[in-house]
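Remarks on the structure that follows.
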Amino acid sequence: MNPYLPVIGITMGDAAGVGPEIIVKSLAHESVYQQCRPVVIGDARRLEQAIAIVKQPLTVRRIKTVSEATFARGVIECIDLDLIPEDLPFGELSAIAGDAAYQYIAHAAKLAEAGEIDAICTAPLNKEALHAGGHKFPGHTEMLAHLTGVEEVSMMLVAPQLRVIHVTTHIGIIDAIRKIEPGLVQRTIERGHATLVKAGIANPRIAVCGINPHAGENGLFGYGEEEEKIVPAVQLLRERGWDIEGPLPADTLFFRAGRGDFDLVVAMYHDQGHGPVKVLGLEAGVNVTVGLQVVRTSVDHGTAFDIAGKGIADEGSLLEALRQGAELATRRG
């Protein structure tokens, strides 16, 4: 095993969902071990149950620290928090599983801050179960920001032929419009730009969505939100020599982005960015948290309780999340 490959901590997510299955399926792929050194933070017994369900020739090795891992192919190395009862059913909402999902993330955050892992890759959690377990966060992004003491992060969605970073995410549309202001738009673009430069794109082509239909169409729609909230940030960053267009009408912008005109789209609110990504790449979509001390990538789908425990969940998004995590992770050596 190449000692310079990044170590990626994979959190198991909600144990009642498809997380254990897609982790097991992904770690059966030889390509993963050519990209990174994976270690799972979760429950070893649950992974063993998933192995039996998906019928993969794998074993689970329980470890307490990352330094114990050998990263041998065919062996899933698991920092075993032992939080899930053996009889916990798949496909059912569980406060126990919700609390465990939080504990996996909290442990991964500590490992990242200690420099023991170079990236975090998260299997899906269930927000209702998370809340039932006593952890009132909208999702992984906000939870990791809280755990690592980072005041502001951004969500980037990556799908084939499309990357979208969001100025606002898990708040209502009226609150989102209130929250958008030039400083926040600027910082969001800066986080996205820095991430792409790190990934090897020297001068990213960035397109910025408007808020209103037709980006306001010179005051015809809305109350001048584009001119007040977006234009100052775009102008400032253009003065740096950055390649930025906008604010542009979102409908035509995403068409252009889909054909390859831009490296990054800046969406103003949740559904403006999520909708096109889900249409273009739901099964291979990846959620990247931008602005943390270490990169965090995730599948861009939920816990899928309706198919959990049946062995039919698709691991494609997790494989892509691991690949993106390896590309963006801190390099050793």
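- In this structure, Arg205 fails the cation-pi test against Phe262, since its NZ or CZ atom is not both closer than 6.0 Å to the six-membered ring centre and inside 45 degrees of the ring normal.
- Here the straight-line distance linking atom CD of Gln186 with atom CD of Glu181 works out to 9.5 Å at 0.5 Å rounding.
- Under a cut-off of 6.0 angstrom, the local environment of CD in Glu113 is crowded, with over 12 non-hydrogen atoms contributed by other residues, nucleotides or ligands.
- Remark: aromatic rings of His166 and Tyr269 are distant, center separation not under 6.0 Å.
- Under a hydrophobic clustering in which Ile, Leu, Val, Met, Phe, Trp and Tyr are joined whenever their side-chain heavy atoms come within less than 4.5 Å, directly or via other members, Phe255 and Leu264 fall into different clusters.
- Closest approach of Phe254 to Gly273, counting heavy atoms only: CZ-CA, 4.2 Å.
- Side chain of Glu21 to backbone of Gly309: a donor-acceptor contact under 3.5 angstrom is found.
- In terms of heavy-atom proximity, Ser94 sits nearest to Ala129 at O-CB, 3.5 Å.
- The 12-atom threshold is exceeded at CG of Leu88, counting heavy atoms of other residues, nucleotides or ligands nearer than 6.0 Å.
- Counting only heavy atoms from C-beta outward, the side chains of Val290 and Val153 never approach each other to under 4.5 Å.
- Side-chain contact between Cys209 and Val265 is present, with heavy atoms from C-beta onward closer than 4.5 Å.
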Exercise for review: Give the intermediate values and the outcome of salt bridge (Lys or Arg N to Asp or Glu O under 4.0 Å) for residues Arg187 and Glu151.
Suggested key: CA-CA 12 Å; Arg187 294 190 299 274; Glu151 291 186 6; over 6 Å; no
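- If you run side-chain contact (heavy atoms from CB on, under 4.5 Å) between Leu47 and each of Thr59, Asp80, Val24, only Val24 comes through.
- Looking only at side-chain heavy atoms (C-beta outward), Leu93 and Glu128 come within less than 4.5 Å of each other.
- Residues Val231 and Ile211 fall into different hydrophobic clusters, defined by Ile, Leu, Val, Met, Phe, Trp and Tyr side chains chained together at heavy-atom separations under 4.5 Å.
- Annotation: side chain of Arg163 is in contact with side chain of Asp263 (closest heavy-atom distance under 4.5 Å).
- Under the 4.5 Å side-chain heavy-atom criterion for ILVMFWY residues, no single connected hydrophobic cluster contains both Met156 and Val197.
- Within 6.0 Å of atom CD in Glu152, more than 12 heavy atoms from other residues, nucleotides or ligands are found, so the atom counts as buried in its surroundings.
- Cluster membership check: Phe305 does not share its hydrophobic cluster with Ile53, using side-chain heavy-atom separations under 4.5 Å among Ile, Leu, Val, Met, Phe, Trp and Tyr.
- Within a 6.0 Å sphere centred on CG of Asn218, other residues, nucleotides and ligands contribute 12 heavy atoms or fewer.
- Between Glu320 and Gln324, the side chains place a donor N or O and an acceptor N or O closer than 3.5 Å (distance only, hydrogens not considered).
- Glu228 places no side-chain N or O within 3.5 Å of a backbone atom of Gly224 that could act as its donor or acceptor partner.
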Practice item. Please step through side chain to side chain donor-acceptor pair (under 3.5 Å) for the pair Gln49 and Arg46, ending with a clear verdict. Key: CA-CA 5 Å; Gln49 290 173 338; Arg46 198 61 162 182; 2.9 Å; yes
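- A donor-acceptor pair under 3.5 Å links the side-chain atoms of Ser298 to the main chain of Thr122, judged by distance alone.
- Taking every heavy atom of both residues into account, Gly241 and Asn203 meet most closely at O-OD1, 4.3 Å.
- Of the candidates Val266, Ile206, Ile244, Ile244 is the only one forming a side-chain contact (heavy atoms from CB on, under 4.5 Å) with Val234.
- Few gaps surround CG on Leu220; more than 12 heavy atoms of other groups in view lie less than 6.0 Å from it.
- Of the inter-residue distances, the one linking Ile189 atom CD1 with Leu236 atom CG reads 9.5 Å to the nearest 0.5 angstrom.
- Within a 6.0 Å sphere centred on CD of Glu227, other residues, nucleotides and ligands contribute 12 heavy atoms or fewer.
- No donor-acceptor distance shorter than 3.5 angstrom exists from the side chain of Thr168 to the backbone of Ala176, with no hydrogens or angles considered.
- To the nearest 0.5 Å, atoms CG (Asp82) and CG (Asp43) are separated by 6.0 Å.
- Panel note: side chain Lys136, backbone Ala132; no donor-acceptor pair is recorded below 3.5 Å.
- At distances below 3.5 Å, not a single donor-acceptor pair connects side-chain atoms of Lys25 with backbone N or O atoms of Glu315.
- Looking at Arg37, its side chain never comes within 3.5 Å of a backbone N or O of Ala69 through a donor-acceptor pair.
- The closest donor-acceptor contact from the side chain of Thr11 to the backbone of Gly13 lies at 3.5 Å or more, if one exists at all.
- Rounding to the nearest 0.5 Å gives a distance of 12.0 Å between CD1 of Ile23 and CG of Leu58.
- The residue from Glu77, Glu48, Glu68 that alone fulfils the salt bridge (charged side-chain N to carboxylate O under 4.0 Å, His left out) condition with Arg62 is Glu48.
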Point to revise | Worked verdict on Arg238 versus Asp243 for side chain to side chain contact (heavy atoms under 4.5 Å, CB included) | key: CA-CA 7 Å; Arg238 274 191 191 139; Asp243 185 353; over 6 Å; no
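- Side-chain atoms of Ile63 and Val39, non-hydrogen and from C-beta on, do get closer than 4.5 Å to each other.
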Review point. Should Val18 and His301 be marked as a side chain to side chain contact (heavy atoms under 4.5 Å, CB included) after you check the CA-CA gap, both sets of side-chain angles, and the distance that decides it?
Key: CA-CA 10 Å; Val18 296; His301 61 72; 4.1 Å; yes
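- Using a 4.5 Å heavy-atom threshold, the side chains of Cys121 and Leu318 count as touching.
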Practice item. Dump the intermediate steps for side chain to side chain contact (heavy atoms under 4.5 Å, CB included) on Leu237 and His193, then the final yes or no. Key: CA-CA 11 Å; Leu237 295 173; His193 184 277; over 6 Å; no
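- Under the 30°/60° scheme for interplanar angles, the aromatic rings of Phe137 and His146 are found to be tilted.
- Residues Tyr104 and Ile10 are not in side-chain contact: their nearest non-hydrogen atoms beyond the backbone lie 4.5 Å or more apart.
- Minimum interatomic distance between Ile8 and Cys36 (heavy atoms only, all atoms of both residues): CD1-CB, 3.8 Å.
- No side-chain heavy atom of Val40 sits less than 4.5 Å from a side-chain heavy atom of Ile79.
- Under the 4.5 Å side-chain heavy-atom criterion for Ile, Leu, Val, Met, Phe, Trp and Tyr, Ile201 and Val158 are members of the same hydrophobic cluster.
- Nearest heavy-atom pair, Pro249 versus Ala215, reported as atom, atom and distance to 0.1 Å: N-CB, 3.8 Å.
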Practice item. Determine, step by step, whether Leu27 and Tyr33 satisfy the side chain to side chain contact (heavy atoms under 4.5 Å, CB included) criterion, reporting the C-alpha distance in whole Å, the side-chain angles of both residues, the deciding distance to 0.1 Å, and the verdict. Key: CA-CA 8 Å; Leu27 296 185; Tyr33 291 85; 4.1 Å; yes
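- For the atom pair CD (Glu226) and CG (Leu248), the distance works out to 10.5 Å, reported to the nearest 0.5 Å.
- Enclosure of atom NZ in Lys64 is not indicated, since only 12 or fewer non-hydrogen atoms of other residues, nucleotides or ligands lie within 6.0 angstrom.
- Atom CZ in Arg45 sits 10.0 Å away from atom CG in Leu83 (nearest 0.5 Å).
- Side-chain atoms of Glu225 come within 3.5 Å of backbone N or O of Tyr223 as a donor-acceptor pair.
- Put simply, the side chain of Lys229 gets close to the backbone of Ile177: a donor and an acceptor are under 3.5 Å apart.
- Under a 4.0 Å N-O distance rule, the pair Glu245/Arg256 qualifies as a salt bridge.
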